[in-house]
Amino acid sequence: MCTNDSNMSSSKDYCSLVCGTESLDFSGDAVPCKLLITGDTAFPVLVTPKRDVLIAASRYGKGKVVVLAHEHYLDIATSMVFLKNAVSWLSPHPGSIIGVKSTFDLLANILRASGRNVQIGNLTPGLGVLCIDGYDESQAREIITFVREGGGLLIGAQAWHWSYSHKENVLNHFPGNKIASVSGVYFTSDYGENGTFTLTKNQPRTPIFTNVNFSEDLKLLLNGVSYLDINGDSYPSDLLLHGVLTFPVGLTDNNGCFLGGAYYGKGRVVVISHEYFLYKPELKTIILNAISWLDINQKQIIGVRTDMQYVKEFLERENVPCQLTNLVPGLSVYCCDSYSNTEADAIHQFVAEGGGLLIGGQSWYWSSINEDDDVVSDYPGNKILNKFGITILDRTVNRGSYKAISPEEANEQYHFPRALCKLQDELKSSDELKPPLSTWVVKLREDLPAFMRLPASPITSSIQNQFIEIVQMCVPNVSKENPVSSSSKQGLLLSLADECCTVSQAFDDSDIPPPFIVEIDTSNTVTQSWRSTGLYLAPRNTAMLEFPLSAVVHGIQVQVGCQSDDLSSKEMLSRAPVVVQKMKVIHQKVSISCFWGGLIYIVLNENCNLGVIPVKVHGAEPVPTFINGKSSHESWLQRTRHLPAPWAELITDNIILTVCSDAIRSLDDPEELLSFWDKVMVAVAELAAIPTKFPRPERIVTDVQISAGWMHSGYPIMCYFDSVKELADLNFIRTEGFWGPLHELGHNQQKSNWNFTGTGEATNNLWPLYVHEKLLGMPPERAHPALKPEERAERIREYLRKGSKLENWNVFTALETYLQLKEGFGWEPFKRVFKEYQSITNVKDDDTFKMNLWVEKFSNAVETNLVLFFQEWGWPIEDSTRDKLSALPVWEDDPMKPYIAAMK
């Protein structure tokens, strides 16, 4: 969620409006209507217990507007304190002349009595504030200009009575809406709540208004349209329709939106999420309908931006009068793409005052080349469209031909404001999500994070904050013992909590201890490397990090959290799917928070080399950390291991172990443990034939749940909490072994040049075999129970009985091939072969080629012809390989001979 000065400004405005007023009387026979507010400057002043807005305020251009939901309340004694505040707030300067409609005698007299210069009548030159009802549109254009140029407007009306005798759309045609709507405030035909209502100390929250029916609009837009064909080479973006006056026109089968409409002020907007679709032949009817809908029967000139000749030619072929032009007076519709915001202010005014905007474009390409920017707020088109309640996202929708929305079923379609409103209601209940919301969950999971990143406005921020509070109250406590289904409401809450409730806000540095200063070595030669800070950020807190100027905009990131596995695909969840937050360092000061808390890291890109930089970290706490060769053993025993942070790190040159702090509270000798791990990593490097100093330390992180397997390789290697004894209990390791971590370290050493089908879960096991033998003196059968001699023998016999087919050659069967080589020739040939492979290039991605290359290289390394041995294992040996190795002696001690003989 973004923050800016608009929220602070509206809060101050609210205080000015309600100063000295505790309540307002909306009882009696005068029934108000509900007000609808939208845009980025409007805010509610009075919201009833039933969540009806009866008073709203806004800004337009240089001026201000206050709207009451019935004109009666502009001329009653109980409103006068508030109305005097409103007139003061609306006045461009203290001596402004106040114009008051002749029917508001009491208001005029009260203002005169307070020293105001009051003029009775309609809008005339020289006024500073105009006080009117909303039933006369004869001066609408002049009043709008008056406000835009700095005047203040106080207007009251209700539209429910008007709607009884008029079939026209209230939002467009009610006289008051032809004036007030430019500021984002509309009168509606819905009854508002009667009563005497207390004004809140702080600005009230904005309710989501979902009663607008767009079926008539869809009838016009989709007239003659059965399907919307977006097949072809163009990839459209997905549209987020977050404004209450937006509506989908084109949806995919999974609710992706590629065509949307909106009302804004007196005007209209249509957005299509690829500019090619503006003149795509298969979309001709919908585009022409859109032009007609946007024109609102003005039948004036359609303007097409000067660089969009193809659109002009398309329209002219259909006899639509248009001209190539920038946005100029006299146009009724303006067509442009979304790749420039140079005309943003002019477009906003054009639409607000009755123009129609047809705009097309995608944002995924822009996002791919502007990685340091947020597409939601920084993409040029969104700087135009966010104000209208539409955002072009950087994800794409599936191309295809999609059935047109039925206007009669429009209110049953996915629409983000409606879905969010339903979600907030259902989150408060104990029941599971019900249709249609339950069918919208996937789309909500996609849209909510984008909505939470929208630039701040009084309405958007209010809705964001309401949702945050609901989610924070409802997030379930999950664990290994108490998991939840990912498809349940609790699963949805877990997936939304961090994305929607993590707010990178201004850091409050009052009453906090001095910052920690950490030295970060930024030299990095490999793909992304984490640098530990030794600090922890508590859940729902915010940390602020200060970087030297030299570190800004170098691809450096701040990361909170070490459990980097994404569990979104899991059916059951023992933790939230994503518990890591990242923030790019694009300013010297970086604020970051994470709903779940976590260890703080500095993440470096490949080839980063800024030397050692100091980083000040505010708002964090130290974690139990022991760095072998640097940390004090005495300090560890007396203080460090007892630090309250829940995660601990044990660090040595080539590996970092991240475990629960409870697992190391009783660790008395971290030096002995890490010295052992030093030897482990040297052994890993020896077998891989690589330098014993790794380019970055390997990392192993424990977690309550991981994305795959009992452990899995990668950076970091992930494992369950139960595996901590294989990491941090040296006595257990020495007696029972630690196959799992070594298995994953082996995966990290596997290379595609010498790996092929069947070896994925086999050759990596050479590393646990090597380390167990070299460091613990454990033979294979003690290192892993599957390697007991009798099990090995039976596995070979079973493989041969099935015909030595490579489809059965995998895991321990495949490992047996390599284990026999080791037992016949030792470990040194493996080291020589792995070393040789490091200089081999252009290895074909073909199993037969790779297998023959391995046979050749290993045979040469042991100076023995191994063709028959590998052939007995079913490898596809080529004649060329036989010829190359024919001069070498055969392997007389081939361990497969007895098994082959027994089969005959």
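Quick note: residue numbers are just sequence positions, from 1. If you're wondering where the values come from, they're calculated on a predicted model, not measured in any experiment.
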Looking at Arg453 and Asp378, does any basic side-chain N land under 4.0 Å from a carboxylate oxygen?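 The answer is no: the pair does not qualify as a salt bridge.
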Salt bridge flag under 4.0 Å for residues Lys480 and Asp722: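 Salt bridge flag = yes for Asp722 with Lys480.
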Of all residues at least two apart in sequence or in a different chain, which pass the salt bridge (charged side-chain N to carboxylate O under 4.0 Å, His left out) check with Glu649?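 Listed in chain order: Arg699.
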Who passes side chain to side chain contact (heavy atoms under 4.5 Å, CB included) against [X], sequence neighbours left out?
| X | result |
| --- | --- |
| Gln588 | Leu549, Val552 |
| Ile586 | Asp372, Lys584 |
| Val811 | Glu761 |

Any side-chain donor near an acceptor of the partner, Arg531 and Ser529, under 3.5 Å: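 Yes.
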May I ask you to decide if the ring planes of [X] and [Y] are parallel, tilted or perpendicular, using 30° and 60° as cut-offs?
| X | Y | value |
| --- | --- | --- |
| Phe451 | His242 | tilted |
| Phe626 | Trp636 | perpendicular |
| Trp739 | His784 | perpendicular |

Counterpart residues, side-chain hydrogen bond (donor to acceptor under 3.5 Å, both in side chains), relative to Asp662 (two or more places apart):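 If we apply the side-chain hydrogen bond (donor to acceptor under 3.5 Å, both in side chains) test to Asp662, skipping adjacent residues, there are no hits.
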Is the number of heavy atoms from other residues, nucleotides or ligands within 6.0 Å of NZ (Lys443) greater than 12?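 Correct, the count exceeds 12.
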What residue pairs, at least two apart or across chains, pass ring pair (Phe, Tyr, Trp, His ring centres under 6.0 Å) with a residue in residues 524-564?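 Every pair satisfying ring pair (Phe, Tyr, Trp, His ring centres under 6.0 Å) with a residue in residues 524-564: Trp530-Tyr601, Trp530-Tyr715.
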Asn748 versus Trp767: any side-chain heavy-atom pair under 4.5 Å?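 Of all side-chain heavy-atom pairs linking Trp767 with Asn748, none is under 4.5 Å.
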Under 4.5 Å between any side-chain heavy atoms of Glu686 and Tyr770, yes or no?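 In contact.
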